[in-house]
Amino acid sequence: MKQTATDTMTTTALTRSFATALALCALLLLITPALAGQRLTVGVECLDYPPYGSIQNGEYRGYARDLLDAFAIEYGYDLVYDPLPVKRLYQDFLVTRILDLKFPDSKDWHPGKRKGLAITYSDPVCEYTDGIHVKPENLGRGVKGIRVLGIIAGFKPWLLKPIMNPKDLTVSENASISGLLGKALIDRVDAVYANEEAVRHLLAAMGLKGRLVMDPALPHKTDVYHLSTINRPEVLREFNEFMKTHRELVDSIKKKHGLMQ
């Protein structure tokens, strides 16, 4: 069959259209990542730790999530949250270094593991108080009243080291704060070393408000949480700038989660 001039023109047009479509597809593949934002992996604790951060229906939620998401929108980042057990989180951040960012963090946590590493810490993200929680009827008994102390696996009872003989203390670890609180309520541990705000939130959620309280006469410490990085110090500089230039937004997020009056 002979091909007419019209057929030739049609074939050429179709070929050009196909080539144009392929070029557009290639262009879209190139620009889509840019439109989606640069991806950063944030290592977080796989703990129910309200109001700072908790895993709800498989999603990381809480104050830190809202704050970091607001920062990511402002600076065009695509954040991927990786909830990990505390020990694994330190491994992936400090040893294998596969995480871009870590929250929460502090230079005072496991200082030996940080030695020689160029870790960048953000300006303070929020304040917290860690302390020793006991039943109200056990308030004022002092450190001698604690023989078994409940702590989260991977945490260390730093506050007790200067004033308690390790031989006099048994540490009982648990993967969750809720589990620790349950042990304290049935007297399987004498006290729980944890974040005051998290303990208050969890007890209230369980309908057990006030059943455990932080003993102000026992060692406690008020400090701040930081965002940290080894691989991406420039991101921390942007985050610090965001915190300074968006104070009203940051304060509104704190108020939403009960971290500011």
Side-chain angles (χ1 to χ4, degrees), residues 44-70 81 83-86 89 103-106 109 124-141 145-146 148-160 171-226 249-261:
V44 296
E45 296 168 347
C46 188
L47 292 172
D48 193 13
Y49 219 73
Y52 309 97
S54 298
I55 310 302
Q56 299 176 8
N57 299 320
E59 290 287 328
Y60 182 64
R61 302 293 185 202
Y63 166 70
R65 174 67 187 263
D66 288 352
L67 179 66
L68 292 174
D69 278 357
Y81 297 92
L84 297 166
V86 175
L89 179 56
F103 183 84
D105 205 8
S106 169
W109 300 348
V125 172
C126 61
E127 190 176 87
Y128 72 93
T129 298
D130 280 349
I132 300 170
H133 298 74
V134 299
K135 288 183 174 181
E137 59 267 30
N138 293 332
L139 283 168
R141 291 189 177 183
I146 303 175
V148 182
L149 178 70
I151 66 170
I152 298 171
F155 283 29
K156 299 292 181 183
W158 305 109
L159 300 174
L160 300 179
V171 171
S172 176
E173 292 188 338
N174 199 285
S176 73
I177 302 181
S178 297
L180 289 177
L181 301 182
K183 285 183 177 180
L185 291 171
I186 61 173
D187 298 317
R188 289 183 60 190
V189 299
D190 299 312
V192 171
Y193 174 65
N195 178 283
E196 182 182 23
E197 198 70 34
V199 170
R200 189 158 47 229
H201 273 72
L202 288 170
L203 287 175
M206 292 186 286
L208 300 172
K209 184 178 180 180
R211 294 286 296 277
L212 294 173
V213 293
M214 192 182 82
D215 190 337
L218 290 172
H220 57 279
K221 181 181 182 182
T222 297
D223 208 333
V224 293
Y225 290 139
H226 299 269
L249 174 60
V250 174
D251 287 348
S252 70
I253 297 173
K254 285 183 178 179
K255 289 177 181 177
K256 171 186 174 182
H257 292 282
L259 293 173
M260 186 176 181
Q261 298 300 321

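Side chains are part of it too, since the values below use all heavy atoms of this structure and drop only hydrogens, waters and symmetry mates.
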Exercise for review: Sort out for me which residue in Pro85, Pro83, Pro104 forms a side chain to side chain contact (heavy atoms under 4.5 Å, CB included) with Glu45.
Suggested key: Pro104
**Study point:** Leu203 vs Leu212 side-chain heavy atoms within contact, under 4.5 Å
**Key:** yes
Practice item. For the pair Asp187 and Lys135, find out whether any cationic side-chain nitrogen is under 4.0 Å from an anionic carboxylate oxygen. Key: yes
Check your understanding: Looking at Phe155 versus Tyr193, is the centre-to-centre ring distance below 6.0 Å?
Key -> no
Revision key, fill the gap. In terms of heavy-atom contacts, His201 and Pro50 come closest through CB-CG, 3.8 Å
Exercise for review: For residues Leu139 and Val134, determine if any side-chain heavy atom of one lies less than 4.5 Å from a side-chain heavy atom of the other.
Suggested key: yes
Exercise for review: For the residue pair Tyr128 and Tyr225, categorise the inter-ring angle as parallel (less than 30°), tilted (30 to 60°) or perpendicular (more than 60°).
Suggested key: parallel
Exercise for review: Please test Glu59 against Arg65 for side chain to side chain contact (heavy atoms under 4.5 Å, CB included), starting from the C-alpha separation and ending with a verdict.
Suggested key: CA-CA 10 Å; Glu59 290 287 328; Arg65 174 67 187 263; 3.7 Å; yes
Practice item. Evaluate the criterion side chain to side chain contact (heavy atoms under 4.5 Å, CB included) for residue pair His220 and Asp130; output intermediate values, then yes/no. Key: CA-CA 6 Å; His220 57 279; Asp130 280 349; over 6 Å; no
Review point. Can you tell if the side chain of Val199 reaches within under 4.5 Å of the side chain of Met214, non-hydrogen atoms only?
Key: no
Check your understanding: Do Tyr81 and Asp69 touch side chain to side chain, with heavy atoms closer than 4.5 Å?
Key -> yes
Check your understanding: Just how far is it from atom OH of Tyr49 to atom CG of Asn195, taken to the nearest 0.5 Å?
Key -> 4.0 Å
Revision key, fill the gap. What one should report as the nearest heavy-atom pair of Leu202 and Ser178 is CD2-OG, 3.9 Å
Exercise for review: Take Ser176 and Asp48 through the side chain to side chain contact (heavy atoms under 4.5 Å, CB included) test and state the conclusion after the steps.
Suggested key: CA-CA 7 Å; Ser176 73; Asp48 193 13; 5.8 Å; no
Check your understanding: To the nearest 0.5 Å, how far apart are CG in Asp66 and NZ in Lys254?
Key -> 13.5 Å
Exercise for review: Identify the heavy atoms of His257 and Gly62 that sit nearest to each other, and give their distance.
Suggested key: CE1-C, 3.4 Å
Point to revise | Sole candidate of Asp251, Leu249, Val250 that passes side chain to side chain contact (heavy atoms under 4.5 Å, CB included) when paired with Ile253 | key: Leu249
**Study point:** Check against side chain to side chain contact (heavy atoms under 4.5 Å, CB included), Val86 and Leu47
**Key:** CA-CA 8 Å; Val86 175; Leu47 292 172; 4.0 Å; yes
Exercise for review: List the atom of Lys183, the atom of Ser172, and the distance in Å for their closest heavy-atom pair.
Suggested key: NZ-OG, 3.0 Å
Practice item. Indicate the atoms forming the closest heavy-atom contact of Ala175 with Ile152, along with that distance. Key: O-CG2, 4.5 Å
Practice item. Compare all side-chain heavy atoms of Ile146 with those of Leu218 and state whether any distance is below 4.5 angstrom. Key: yes
**Study point:** Side chain proximity check, Leu149 to Ile132, heavy atoms < 4.5 angstrom
**Key:** yes
Check your understanding: What's the spacing between Arg61 CZ and Ser54 OG if we round to 0.5 Å?
Key -> 11.0 Å
**Study point:** Closest heavy-atom pair and its distance - Asn174, Gly179
**Key:** OD1-CA, 3.8 Å
